[in-house]
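Some notes on the structure that comes next.
Note that these values count all heavy atoms, side chains included, but never hydrogens, waters or copies made by symmetry. The first residue of the sequence shown is numbered 1, and numbering continues consecutively from there.
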Amino acid sequence: MAYRTRTMDEVNKLADAAGLVNRKGLVQVLQFSMNPSNDEYKLLELPPNILESLNTGDNVTIRGDHQDEAVLCTEKATFDLKMADTSNSLLLVPECILFKDEEFQSEVSPLVFREVSSCHTTYFEVKHSRPRLEKLKYLLSENLYKGPENETNLEDIAEENITNRNTLYTLSDLLSKVQASKAELIDALMKMEALEIDGHWRLLDADYKEHVVVRILSLLEEKDWSYEAIPAKECCDILEELEPRNILEHCLNCYGEITDMDSDTGEGTVHYRFLEDKICRFYAEYLLRQAGRFNYHEFMESWLQSVPEGMSTKSEHLSGIALTDMKSIPPVIWHFPASELSDDPALRFMKLFKVQPKWTLEEIEPYIRNLVAPGQSLNALLMKFARSSKDATGVKVYNSKKPT
């Protein structure tokens with residue numbers, strides 16, 4: 001089937017009828033391909049910041065397994081990919097010249113023919129979103145680090161026993177599996193207190209981590225060191241016979257901060273200060289994790305006695321790691337960490353309201369703040385999944401929208 005060739009006279013008559021005067025530059029006549037393939041190409045609408053990333057040579061990647069909804073990731077952010085409909089047909093014309101191009105500045109008006117390779121009524125639009133990090137927690141939990149004596153030498157693992165080998169992940173491995181940008185993934189690893197061991201990112205087993213931190217705290221007491229001035233090198237030198245040095249340094253970084261460099265020795269000794277809120281939270285979880293429901297008053301007394309001298313325990317230190325029921329007889333407290341809840345907002349709210357039907361803003365905020373999407377407020381998130389009311393004392397509380 002041959003196309004009927006449009007002439008310049010026909011083009012001029014149509015232009016005059018449309019009121020187009022003072023025309024200049026080439027005239028493009030669109031012709032549809034004889035064998036259009038609308039599935040060969042997908043259209044993607046990009047905001048300026050993503051387009052700029054592409055133009056500067058940064059990586060822009062679409063991530064997701066077969067069961068996942070695809071997301072688009074730049075080096076620093078994650079975006080939802082959603083199919084959108086348009087009432088106008090979008091024509092893909094590979095050689096189309098635009099008005100800003102030089103050809104339109106010419107006084108000559110040649111007639112050229114352009115082939116439309118495909119026609120689309122849908123396209124992908126992107127929306128800034130939270131990274132999907134639930135899979136990261138699952139992957140790193142497959143092979144927790146429990147100390148050198150529990151490690152298997154990878155070189156000794158038989159080639160056919162591939163399971164253990166596949167539960168260790170490099171940063172590149174994680175980027176291929178987790179729907180997050182590189183910057184967001186690294187930030188999540190830091191917040192989860194993961195560390196790199198022999199090129200693989202690992203989480204410390206909770207029991208093992210508690211064991212190492214208690215060793216450090218016991219050494220402080222034995223050496224009569226202040227928790228505000230811990231000599232890092234000497235501390236690691238002494239305990240290195242018991243625990244790997246990189247694990248000791250990691251725990252110092254997790255619960256403390258560098259305060260100064262002492263140059264008296266000529267080597268520059270780093271001093272750490274243990275942070276009161278982190279150490280108090282550590283001891284709270286240490287006491288509660290295996291205890292189930294704990295008598296509240298007995299817990300508060302034991303907790304205060306456990307922390308290093310000079311530190312003060314506060315109820316704020318329990319935010320996001322424990323819940324209390326002050327109406328029971330006696331009052332009780334139990335371990336309930338936000339880190340173990342689902343990253344899916346609907347599932348998390350369902351779990352929260354199952355555990356406790358009504359929450360004040362102060363109670364629920366630590367458990368939902370990381371669910372707030374870019375451009376969304378905490379209040380908007382609450383209004384989507386909860387309804388508010390006032391209890392008998394006039395305090396505003398939130399409860400499930402769904403009937404229980």
Side-chain angles (χ1 to χ4, degrees), residues 38-47 49-51 53-54 58-86 120-144 162-194 196 199-203 337-352 354 367-376 380-381 384-385 402:
N38 294 337
D39 294 329
E40 185 176 357
Y41 300 101
K42 301 296 182 185
L43 301 185
L44 178 64
E45 183 181 54
L46 294 181
N49 57 332
I50 300 182
L51 188 59
S53 294
L54 282 172
D58 290 342
N59 289 329
V60 175
T61 310
I62 294 177
R63 294 195 171 111
D65 288 334
H66 294 299
Q67 71 274 17
D68 298 326
E69 291 186 0
V71 299
L72 184 144
C73 296
T74 64
E75 290 290 322
K76 297 181 179 180
T78 300
F79 299 83
D80 283 331
L81 272 178
K82 298 293 184 183
M83 184 69 78
D85 296 319
T86 174
H120 302 266
T121 56
T122 60
Y123 64 95
F124 286 102
E125 60 180 5
V126 299
K127 182 180 179 182
H128 196 187
S129 67
R130 295 185 304 112
R132 275 59 158 178
L133 297 172
E134 191 153 16
K135 185 176 288 186
L136 177 62
K137 293 187 289 187
Y138 169 77
L139 293 173
L140 294 185
S141 297
E142 288 180 339
N143 199 337
L144 300 174
I162 204 71
T163 303
N164 289 337
R165 295 159 59 105
N166 286 349
T167 56
L168 294 176
Y169 303 98
T170 64
L171 183 62
S172 178
D173 294 333
L174 293 173
L175 281 170
S176 71
K177 295 177 177 293
V178 179
Q179 293 180 291
S181 68
K182 183 176 181 179
E184 290 169 327
L185 179 62
I186 292 174
D187 180 63
L189 288 168
M190 295 300 101
K191 288 180 178 177
M192 293 170 66
E193 297 180 348
E196 201 171 8
H200 301 96
W201 283 91
R202 310 283 296 276
L203 286 177
S339 60
E340 295 182 5
L341 297 176
S342 170
D343 275 358
D344 182 285
L347 294 178
R348 185 176 297 196
F349 274 93
M350 186 185 302
K351 175 69 173 179
L352 292 174
K354 185 177 181 180
Y367 290 98
I368 63 171
R369 59 188 168 208
N370 68 329
L371 297 180
V372 178
Q376 183 185 41
L381 178 67
K384 183 176 181 179
F385 293 99
K402 298 180 179 180

Work out which heavy atom in [X] is nearest to a heavy atom in [Y]; give both atom names and the distance.
X: Cys73; Y: Ser181; answer: SG-N, 3.9 Å
X: Ile368; Y: Leu381; answer: O-CD2, 3.7 Å
X: Gly199; Y: Thr170; answer: O-CG2, 3.5 Å
X: Lys135; Y: Lys177; answer: CD-O, 3.2 Å

Please report the interatomic distance [atom1]([X]) to [atom2]([Y]), rounded to the nearest 0.5 Å.
X: Phe385; Y: Leu371; atom1: CZ; atom2: CG; value: 8.0 Å
X: Phe79; Y: His128; atom1: CZ; atom2: NE2; value: 5.0 Å
X: Arg202; Y: Glu142; atom1: CZ; atom2: CD; value: 11.0 Å
X: Leu347; Y: Leu341; atom1: CG; atom2: CG; value: 10.5 Å
X: Leu46; Y: Leu44; atom1: CG; atom2: CG; value: 4.0 Å
X: Leu140; Y: Leu133; atom1: CG; atom2: CG; value: 10.5 Å

Stepwise side-chain contact (heavy atoms from CB on, under 4.5 Å) check, Glu134 with Ser342: CA-CA 7 Å; Glu134 191 153 16; Ser342 170; 3.4 Å; yes
Heavy-atom donor-acceptor pair, Glu184 side chain to Pro131 backbone, under 3.5 Å: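 Not at all, since once roles are kept as given, no pair shorter than 3.5 Å links the two residues.
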Donor-acceptor under 3.5 Å (Asp344 side chain, Ala346 main chain):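 Checked: pair present.
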Lys137 atom NZ: more than 12 heavy-atom contacts under 6.0 Å: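 Atom NZ in Lys137 is crowded, with more than 12 foreign heavy atoms closer than 6.0 Å.
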Do [X] and [Y] come within less than 4.5 Å of each other through their side chains, counting heavy atoms only?
X: Leu189; Y: Leu171; result: yes
X: Val126; Y: Ile50; result: yes
X: Arg130; Y: Thr78; result: no
X: Leu72; Y: Thr61; result: no
X: Ile186; Y: Lys182; result: yes
X: Glu196; Y: Trp201; result: yes
X: Glu45; Y: Phe124; result: no
X: Thr122; Y: Thr86; result: no

Ile62 vs Leu81, side-chain contact (heavy atoms from CB on, under 4.5 Å): CA-CA, chis, key distance, verdict: CA-CA 9 Å; Ile62 294 177; Leu81 272 178; 4.0 Å; yes
Partner residues of Glu193 under the salt bridge (Lys or Arg N to Asp or Glu O under 4.0 Å) criterion, sequence neighbours left out: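 Glu193 satisfies salt bridge (Lys or Arg N to Asp or Glu O under 4.0 Å) with Lys209 once adjacent residues are dropped.
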Listed partners of Arg63 passing salt bridge (Lys or Arg N to Asp or Glu O under 4.0 Å), at least two apart: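 Partners of Arg63 under the salt bridge (Lys or Arg N to Asp or Glu O under 4.0 Å) test: none.
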Ion pair check, Asp343 and Arg348, cut-off under 4.0 Å: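 Yes, this pair counts.
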Residues forming a ring pair (Phe, Tyr, Trp, His ring centres under 6.0 Å) with Tyr367, sequence neighbours excluded: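 Counting only residues at least two positions away or on another chain, Tyr367 forms a ring pair (Phe, Tyr, Trp, His ring centres under 6.0 Å) with Phe336, Trp359.
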